**Student:** 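Take this structure, written in structure tokens, and hold onto it; I'll ask about it next.
Labels below follow one simple rule: chain letters A, B, ... track the order of the sequence lines, proteins then strands, and each chain is numbered from 1. Below, all heavy atoms of this structure are taken into account, side chains as well, without hydrogens, waters or symmetry copies. Bear in mind the structure is a predicted one, so any value in this text is a computation, not a measurement.
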2 protein chains.
Amino acid sequence: MAATTIKDVAREAKVSVASVSRAMNGGSGVTAETSLRIRQAAERLQYIPHAAARMLITRRTRTVGALLPDLYGEFFSELIRGIDLAARAHGLHLLVSSSHDGVEEAAAAVRSMQGRVDGLLILSERVDAAFLRANLPRDLPVVLLNSPVRNSGHAVLNVDNRGGAFAMVRHLIQAGHRNIAFISGPAGNFDSRQRLKGYRAAMARYAPDAPLTVLDGDFIEESGYRAGLQLAAMTPRPTAVFAANDMMAVGCLAAFKEAGLRVPEDIAVAGFDDIPIARYVNPPLTTVRVRIVDLGRSALEQLAELLQRPEPSSASAQTLGCEIVVRDSCGASVT
Amino acid sequence: MAATTIKDVAREAKVSVASVSRAMNGGSGVTAETSLRIRQAAERLQYIPHAAARMLITRRTRTVGALLPDLYGEFFSELIRGIDLAARAHGLHLLVSSSHDGVEEAAAAVRSMQGRVDGLLILSERVDAAFLRANLPRDLPVVLLNSPVRNSGHAVLNVDNRGGAFAMVRHLIQAGHRNIAFISGPAGNFDSRQRLKGYRAAMARYAPDAPLTVLDGDFIEESGYRAGLQLAAMTPRPTAVFAANDMMAVGCLAAFKEAGLRVPEDIAVAGFDDIPIARYVNPPLTTVRVRIVDLGRSALEQLAELLQRPEPSSASAQTLGCEIVVRDSCGASVT
DNA sequence: AGTTTGCATGAAAACGTTTACGTTGGCGCC
DNA sequence: GGCGCCAACGTAAACGTTTTCATGCAAACT
């Protein structure tokens, strides 16, 4: 049972394939009545245009690719949701490639997407300017998410990690804390570095004499848990800890619980991301909210824009704001 | 700058396009030396075969589609990870379509994927046998995840929800509980119903005289929270509560905390799914572990199998086992 | 040595669509 | 009434590949 093609429809409607094509797209160049007849014939035969044939001649796939790192938890799903939502609204398909460890694997991923997508959404620590130059055709629209890359000719969309972290630390200091520890994310990670910068900047600005304590983490709960155990054993113990993401903050809470520390009385805890579960942990987590769905959505919107306009040459760089969400874990009630 | 085509490579290597094609795929039918020469020429010109042209003639896209519901949190990301991992291993691309509310939207999604994919992975409550008949070509390989559909000619891969729930309730009963409440998922959800059945069956079997308490939930934390408040106010209060998923169990914990109930001393709590965060909530959550990554992986493996063999006509139905993970929230230490 | 076999290679058709171009016919204008 | 023009429609080329078939050539067999 061969699928019905445009020829079948043409025969059924007693017109040429050209007219069928015209009637199916836009419909200009055909009478309203023939157009109707054609569409009815198409309906009757359950005609679905062959995507590949269309791509071949049109040189457009109506598909965008998303290159994502090995992301865990809520962040990933929220991001995809945002992207997918916007993609659907634009009639675009979404080709996903996630969890590639090495830079070589990422390169293979973008190469294999070559020609299957009209544009690319890239969120990956490993991707830098050199990578882009080496692996991407100059004319492929690309939007970079949370990337340090600048002036590469590609659009960039960042979260205001630095600003969010800065605001959170300022909040903690204003709440009376001085000895504030920071649990960092992976060393190579851009978000992580920006959040660390925000922490440093706010400390320097509002509590210049206070000690800086930075513990290594990697965005996974486990590492937050380990950092928490370390913190619990310190003397003097910091009165507050700011984790570079919520996952680690949650791990940290577990460690404190185990160590017999009360939160926020003995030590305040703050996170970053406001993953949905943040308000259900015990105590509810003070954190910096990032509208992840919006991040995905705007990224795709921007890409869709690029697909339409032939690239305004000056690559835009947008930043998405964050807001502080105060809950019990940093002793809001005490303030 | 027109992309380099197979013709360019042919000219560069001084052979015909046919030989280039042969050299690039398999390489049978060409001398080792000419094959090498061709591949070098291709390398030199940075030749990447035009995917659409290949699809057109081959009638295969090397792409599979994943139709997913509006999934939240860890489950979604883990599932995608598993699917993506396996897809990469098989050299398949992954076209994702998630978060469609209505059945009509889902239908539109599968229709629009028509011809862009070789097979489909479907996880959606709204999809039943009628839907499949109406919207899918008879010969498109499909694997259904967690679907009640049977004998539709499609492969089905389910989680042993009933068995997992049964085992958990048995465990609670063996730990001395009798009055065990259950927080259900969405009424129409297949997993939810199966888990409820497991609860009922275990209660009937091991504690036939105990009261059955079923509270309505919808898999979201919020609903677990509400159910928790209800439970806290009951007299007599159940001594254990089994939530149909971890999210709701977490919401429940928050409610108990707020109501001043101690877990597990005053009331034991168990969940389902073992989302990564389950072990970091307070107290760590006893739950039923579902290897979600494996679920995604096996689903894709099965689909890939279908793509190879021309469908053995008898649609297989597999079930993926669960295991109980005992943590503090159900008073394991007491036992 | 002649015939057959087999293998490397090339020529060309085919996949299903869009679109540039040509053809037709009707209509208005002089 | 003839001319030109425009809209509707058809014809055919083009997109880049794979694959069938034909061709040539060398080795192997009789």
**Student:** For M55(A) and dT17(D), what is the distance between atoms CE and P respectively, to the nearest whole Å?
**Tutor:** 15 Å

**Student:** Rounded to whole angstroms, how far apart are NE2 on H50(B) and C1' on dA14(D)?
**Tutor:** 12 Å

**Student:** Starting at atom NZ of K14(A), determine the distance to atom C1' of dG10(D), rounded to an integer number of angstrom.
**Tutor:** 16 Å

**Student:** From the set dG10(D), dT18(C), dG16(C), return the single nucleotide nearest to any side-chain atom of R54(A).
**Tutor:** dT18(C)

**Student:** Side chain of S16(A), heavy atoms from C-beta onward: which of dT11(D), dT18(C), dT17(D) has the nearest atom to it?
**Tutor:** dT11(D)

**Student:** Just compare dT9(C), dA12(D), dT18(D) and give me whichever is closest to any side-chain atom of V30(B).
**Tutor:** dT9(C)

**Student:** Could you state the atom-to-atom distance from CZ of R22(B) to C1' of dA11(C) in whole Å?
**Tutor:** 11 Å

**Student:** In whole Å, I'd like the distance from the CZ atom of R60(A) to the P atom of dG16(C).
**Tutor:** 23 Å

**Student:** If you check the T58(B) side chain, which of dT11(D), dT17(D), dT18(D) turns out closest?
**Tutor:** dT18(D)

**Student:** Quick test of your reading of the model: are E78(A) and R291(A) salt-bridged, counting only N-O distances below 4.0 Å?
**Tutor:** no

**Student:** Nearest whole Å is fine: how far is dT18(D) P from I38(B) CD1?
**Tutor:** 12 Å

**Student:** Looking at Q46(B), I want to see if its CD is surrounded by more than 12 non-hydrogen atoms of other residues, nucleotides or ligands under 6.0 Å.
**Tutor:** no

**Student:** Assign each of L56(B) and R37(B) to its nearest nucleotide of DNA chain C by heavy atoms, then name whichever residue's nucleotide is nearer the 5' end.
**Tutor:** R37(B)

**Student:** With no angle test and no hydrogens, is the base of dG16(D) tied to the side chain of R59(A) by a donor-acceptor pair under 3.5 Å?
**Tutor:** no

**Student:** Measure from the side chain of N25(A), starting at C-beta and using heavy atoms only, and say which of dT18(C), dA11(C), dG10(D) lies closest.
**Tutor:** dT18(C)

**Student:** Just by distance, with hydrogens left out, do Q302(B) and S316(B) show a side-chain donor and acceptor under 3.5 Å apart?
**Tutor:** yes

**Student:** Which whole-number value in Å describes the distance from R116(A) CZ to dG16(D) P?
**Tutor:** 17 Å

**Student:** What's the CE-C1' distance between M24(A) and dT19(C), to the nearest Å?
**Tutor:** 17 Å

**Student:** Going by distance alone, is a donor N or O of one side chain under 3.5 Å from an acceptor N or O of the other, for S112(B) and R88(A)?
**Tutor:** no

**Student:** Reckon S21(A) has a side-chain N or O less than 4.0 Å from the OP1 or OP2 of dT19(C)?
**Tutor:** no

**Student:** Would you call D84(B) and R81(B) a salt bridge, taking side-chain N to carboxylate O under 4.0 Å as the test?
**Tutor:** no

**Student:** Can you figure out which of dC21(D), dT17(C), dT17(D) approaches the side chain of Y47(A) most closely?
**Tutor:** dT17(C)

**Student:** Determine, for R37(B) against E12(B), whether the closest basic-nitrogen to carboxylate-oxygen distance falls under 4.0 angstrom.
**Tutor:** no

**Student:** Nearest to the T31(A) side chain among dG10(D), dA8(D), dG10(C), which nucleotide is it?
**Tutor:** dA8(D)

**Student:** The side chain of T5(B) is closest to which nucleotide in this list: dG16(D), dG10(D), dT18(C)?
**Tutor:** dG16(D)

**Student:** Between dC9(D), dT17(D), dC15(D), which one does the side chain of I57(B) approach most closely?
**Tutor:** dT17(D)

**Student:** Between dT18(D), dT17(C), dT11(D), spot the one nearest the side chain of A18(A), thanks.
**Tutor:** dT11(D)

